[in-house]
Amino acid sequence: MSSLAFLRALPGVLPALRGNLLIGLTLAVVTLPQAIAFSTTLAGLPPHFGIYAAIWGVLFTALLNPSRVFSGGPNTTMSAAIGVILLPVAPQFGADYIGYAMTLILIAGMIQMLFVIIRPLGRMLDLINEPIINGLICGIGLFLIFKSLTGFAGLPINTQVEWPLWIAWQSFMAVLEIGNLYAIEIGLITLITSLVARQIRALRNWAILIGVAAGTAYSEYLNATVGLQNTMIEQIANLSSVGFVLPSLPLFNQEAMSDIISILPGAVTLALLGLFQTVAAMRRMNRKIGSYTDSRKGIFADAVSNCLLPFLSSLPTCASFNRMWLVYSLGGQSRWTSAISALILLLMVLFLAPLIAIIPMPAMAAVIMLLGANMINWEDIKPHFRNRGETVVFLASFLSVVFLDLFGAVVVGSVLAIGYSKWEQAHPKISLRGNVLKIRGNVYYASLPVIESMYHTAIEREGSVVIDFSECYYIDQEGIRWLAAAKAGQKVAFADRRKSDDRRELERRAAADQKRKSGRRRGRTDRRQRSQF
Amino acid sequence: MEAKSVSAVPAKLMKIALIVGALCGLYLMALSSHAERDQLRKASVDLTPNCKAKLEGYGLVAAEHYRSPYVQAVNGVDSTVRGYSEQDVRSIQRGCNIVDDLQGQLAKRGARERWNADRFVRGTYTTCIHCHQSGGDKHDTAGKPVSGSNNLGASWVMADMYDRFSGLIMSHELRQMQCYINASNGFKPNSADDLIRDVTAYSRFLSAALDQKMGQRYAEQGLDEIPFSATRRRGDDYVRGAHVYREKCANCHGPQALGMVVQGKVLYPALAGPQSFTMDSRMYFGTLNSLMPGFICRNMPLGAEGSLDNQDCRDIAYYLGTLPRPAGDRQGPLVAAWQQVMMGVMPPLTRYAESLGRNHTEHPGD
Amino acid sequence: MFRSQVSNAPGWPQFRAAYGVDSFGGDGYFTRAVQNGYNLFYFTPDYGKRFTRKTAADAVHSCSSCHTAEALAYGLVNSDRFDAGLDRRVSFEERVMRCYAGPMDGFIPTLYDPAVRDIRVLARAVAHHLRLSEGARTDGS
């Protein structure tokens with residue numbers, strides 16, 4: 001019976017499968033160079049970590065989330081955070097570094113799990129508004145461009161604490177003065193080819209791949225003519241050890257304890273960066289497509305994935321708006337496309353490993369520069385400058401990334417989020433028309449100073465006040481006590497919420513009062529004017 | 001719609017042309033900078049007087065073999081090792097110049113001759129010989145390397161050890177970079193920079209000249225240390241240190257340890273404040289409390305070396321450690337910002353407050 | 001299964017004893033780096049597989065196929081010199097990187113990658129054992 005039902009359903013399923021196959025292929029091809037670049041240029045990990053994130057990370061997040069549109073995968077910001085956090089701990093690409101990276105991701109995953117288990121904590125993420133996220137993202141975009149400078153020129157990065165924005169100028173001068181010219185040429189060809197390809201609509205999704213292909217072709221030409229030993233170009237290198245899966249053990253032993261403790265703040269940073277991005281991406285996706293998926297589900301998918309992926313030699317994952325939008329705009333369904341793209345990637349890595357191995361690192365650095373530049377999107381930033389509060393928050397968030405490290409930026413972002421929402425709540429809209437003091441908003445301990453100031457102004461001017469709190473959203477105990485004390489003063493009446501007729505009568509009287517007063521003022525003004533002549 | 005898309009094409013082409021033009025311009029700048037560097041590498045080197053004396057004393061010439069006059073004189077042994085080519089000799093000469101005159105004040109073409117080292121240090125004060133005296137190779141009157149004199153050759157042969165402050169195996173290049181970050185409160189040159197490579201070449205030459213063996217610990221490596229156990233164990237006291245500092249050090253290093261600069265030349269380096277070493281430096285008492293006392297007791301005061309008690313040296317170092325100085329990389333940007341504020345605000349405030357109180361209060365014990 | 005700890009390759013205890021690695025400590029960052037260097041030097045296809053296409057079946061498959069540990073040490077103390085063929089000064093690290101790319105038919109590792117650093121550390125440990133100074137020549141002079 002069930003097999004008959006399956007066969008009957010097949011004609012309907014096959015076209016959908018074919019459609020998702022193409023989308024999955026597109027997704028795989030778009031993700032592969034990015035995943036490798038994130039791993040090698042940003043996180044300081046061998047390329048298979050990015051590849052496994054693009055396979056297992058994408059698959060886990062899709063399967064763990066019931067949403068049709070949710071899609072996770074390797075992420076620039078999280079990869080960059082790993083590189084920054086672990087730089088003082090061990091030299092990149094080494095066995096120690098890899099062990100610490102896996103431990104870092106596991107701890108971050110466990111912290112993310114707390115946001116799932118403790119619901120109010122997860123709810124706090126909704127306080128992170130768009131200006132904060134966009135500020136962080138723009139700052140990180142700038143960071144990515146400067147971080148890639150040394151890789152672009154085939155120069156070693158400085159394996160100590162380094163905040164690239166501080167030494168951006170020195171890195172730039174180093175590129176000009178001592179950079180490997182062959183590397184620079186490869187990077188430039190990759191950049192220019194990608195930029196040109198992006199302008200052609202049909203090639204937009206493939207622009208990065210085309211750029212990388214061009215850079216690789218030139219690199220191979222140089223190696224054939226000049227020789228790799230003379231060009232000294234670093235490449236992705238041998239991926240033959242990469243198989244279906246590569247189990248790994250995070251580093252966790254007695255002697256590593258001090259280093260693990262030192263990276264705990266970094267784990268918090270990594271966890272929060274992932275959560276912020278997931279919540280923001282899902283919020284944006286919901287609004288764009290006019291549907292709703294609870295971001296809790298995305299957080300759950302992230303947290304579980306990031307607890308599992310360290311054991312599979314993978315970078316951490318979080319939601320990606322760009323990836324979700326790509327799948328949606330092509331008409332795909334996220335679970336199918338994720339599964340298909342994961343399979344295609346795996347096949348590509350297994351069968352095309354020798355080709356992937358020769359991709360030059362300067363091309364990867366160019367990819368990161370492009371992605372960084374894409375993160376600074378004026379269309380996303382522009383709306384924030386129409387509102388003063390949002391402008392301040394956006395700039396503070398952006399500058400905190402520029403001048404503080406990622407941990408500082410996350411702290412500032414979190415503080416801003418809470419502070420901004422509190423500021424908005426603590427400044428209700430208060431109007432005084434005649435002797436009617438109308439409060440729209442919250443009457444609570446933080447807004448009372450503002451309310452009381454207006455109240456006393458009203459009492460001095462009018463002698464008595466009618467407090468209209470019919471449009472109050474919330475009154476706390478302190479608000480109630482203040483209202484009671486004000487009423488006891490016998491100069492105060494409350495507008496009766498139940499009788500709308502009375503309310504309208506009060507407003508009518510207040511408007512009439514106002515008109516009379518302005519009429520008298522005009523009369524005085526007219527008399528003053530007449531007296532001048 | 002079609003008209004709009006047609007007019008958008010030239011705009012797009014312009015945008016691409018601009019970007020490609022800018023990138024090509026940068027590439028041409030890179031070619032020009034590379035050519036300039038190549039020229040400098042091939043140019044003959046004007047040695048500083050100290051370097052001229054030192055390298056001539058060690059018999060550095062381009063030849064197939066190298067025989068160190070020092071080894072011959074001291075050990076009575078004719079040690080012949082591999083010689084240096086012209087290019088190697090120039091690299092060693094440049095390295096010596098960098099150590100002796102980091103910011104190119106004695107150079108005809110200024111900092112360019114020192115591979116723009118001034119880009120990596122803050123202010124015009126800092127130079128390597130503040131700590132690596134006599135070009136990183138200080139000898140006593142008998143001609144022997146002085147113990148605890150920060151010898152650069154000894155540093156080369158002992159490189160690649162684990163460094164607990166950075167948590168890394170410290171190659172000679174990284175150690176130089178640490179100096180730029182910590183001791184000179186600066187930025188970092190890239191480890192592939194000629195600035196680093198030439199100083200490495202010079203350090204390696206010194207180790208050849210002194211016949212130092214790989215992995216061997218020499219007394220002239222690093223600085224002498226004075227741990228707490230080398231005192232009468234009465235406890236370190238920064239107030240006592242401030243008193244000794246006022247008596248013995250302030251005349252040269254200034255009452256607030258901000259150093260002395262006369263006519264643009266550093267006479268005595270800063271020991272606190274923005275021109276001084278950072279909180280990550282090993283000279284900072286809070287990081288390593290035995291090193292600065294060792295340096296002080298070995299080398300200070302100038303002309304009266306060895307006159308200070310071990311406890312005095314620890315107290316002075318402790319006192320200097322309490323004065324505001326720049327934060328290191330590991331302290332993070334918030335501490336860095338705080339330290340910048342403290343360095344800007346506290347010294348003038350203290351100076352003013354002390355000037356008010358000076359008429360009425362004498363320091364006890366002065 | 002990937003583990004961070006350095007693996008014990010065949011012959012390491014004997015090498016360690018023969019070259020006095022324990023003078024740097026029974027264990028520790030430096031000693032482990034020497035051990036990793038040993039693994040890379042003698043078993044390059046297993047421990048340096050990212051930077052070589054060679055396998056154990058190839059005739060020349062490891063650094064030790066062409067060099068001895070002593071030669072490596074002499075190479076270190078004679079490095080950072082002008083190379084007429086390349087018309088520039090060439091560091092020890094660059095020579096190692098060129099070896100990976102050339103004879104190992106592989107790829108160029110990054111300068112501070114342990115695949116390069118630990119070869120240098122191995123060379124240093126052997127140079128210490130042989131009491132070599134800068135510029136020491138293999139003919140003993």
Side-chain angles (χ1 to χ4, degrees), chain A residues 86-91 94 96 149-150 153-163 165-181 184-185 187-189 191-193 195-201 232 258-259 262 265 366 373 400 402-405 407-409 411-412, chain B residues 5 8-9 11-13 15-17 19-24 26-37 40 115-116 119-120 163-171 173-174 177-178 180-182 186-197 280 328-334 336-337:
Chain A
L86 294 179
L87 201 57
V89 175
D96 272 353
L149 278 173
T150 43
L155 290 170
I157 62 162
N158 298 322
T159 53
Q160 291 193 54
V161 176
E162 173 192 78
W163 185 235
L165 286 160
W166 283 121
I167 62 164
W169 176 246
Q170 279 84 4
S171 298
F172 179 67
M173 294 308 291
V175 168
L176 290 184
E177 290 176 351
I178 56 170
N180 181 334
L181 283 173
I184 293 171
E185 286 165 11
L188 284 173
I189 285 173
L191 261 182
I192 292 170
T193 312
L195 284 167
V196 170
R198 261 172 71 93
Q199 309 308 317
I200 303 165
R201 203 184 175 84
M232 298 291 284
S258 63
D259 282 327
S262 75
S400 70
V402 171
F403 292 111
L404 308 176
D405 62 11
F407 181 64
V411 166
V412 167
Chain B
S5 63
V9 169
K12 265 193 192 172
L13 285 172
K15 188 174 145 192
I16 296 172
I19 295 173
V20 171
L23 290 173
C24 291
L26 287 171
Y27 179 66
L28 291 171
M29 276 171 68
L31 283 176
S32 159
S33 299
H34 275 65
E36 200 184 306
R37 279 236 165 188
L40 262 170
W115 300 119
N116 301 305
R119 214 186 272 162
F120 305 107
D163 172 61
R164 70 181 173 94
F165 298 102
S166 58
L168 300 168
I169 283 187
M170 185 66 56
S171 67
E173 287 75 23
L174 285 186
M177 280 163 58
Q178 270 214 322
Y180 282 103
I181 308 166
N182 299 333
F187 300 98
K188 294 185 268 223
N190 193 281
S191 46
D193 202 322
D194 293 85
L195 181 60
I196 301 281
R197 295 193 64 184
D280 262 350
D329 277 352
R330 288 186 308 152
Q331 277 74 46
L334 289 174

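Legend: residues meeting side chain to side chain donor-acceptor pair (under 3.5 Å) with D259(A), ordered by chain and number and at least two apart, are Y100(A).
Interface remark: I178(A) contributes backbone and side-chain atoms alike to the contact with chain B (heavy atom separation under 4.5 Å). Contact of L23(B) with chain A is made through backbone and side chain together, with heavy-atom distances under 4.5 Å. For L26(B), the parts lying near chain A are the backbone and the side chain together; criterion is any non-hydrogen pair under 4.5 Å.
Two residues are said to be in side-chain contact when any heavy atoms from C-beta on lie closer than 4.5 Å; N116(B) and M173(A) fail this criterion.
Scanning all heavy atoms of the two residues, the minimum distance from L155(A) to V175(A) falls at CD1-N, 4.1 Å.
Salt bridge annotation for D193(B)-K188(B): absent, with no cationic side-chain nitrogen under 4.0 angstrom from a carboxylate oxygen.
Chain A forms more heavy-atom pairs under 4.5 Å with one residue of M29(B), E173(B), R119(B) than with any other, namely R119(B).
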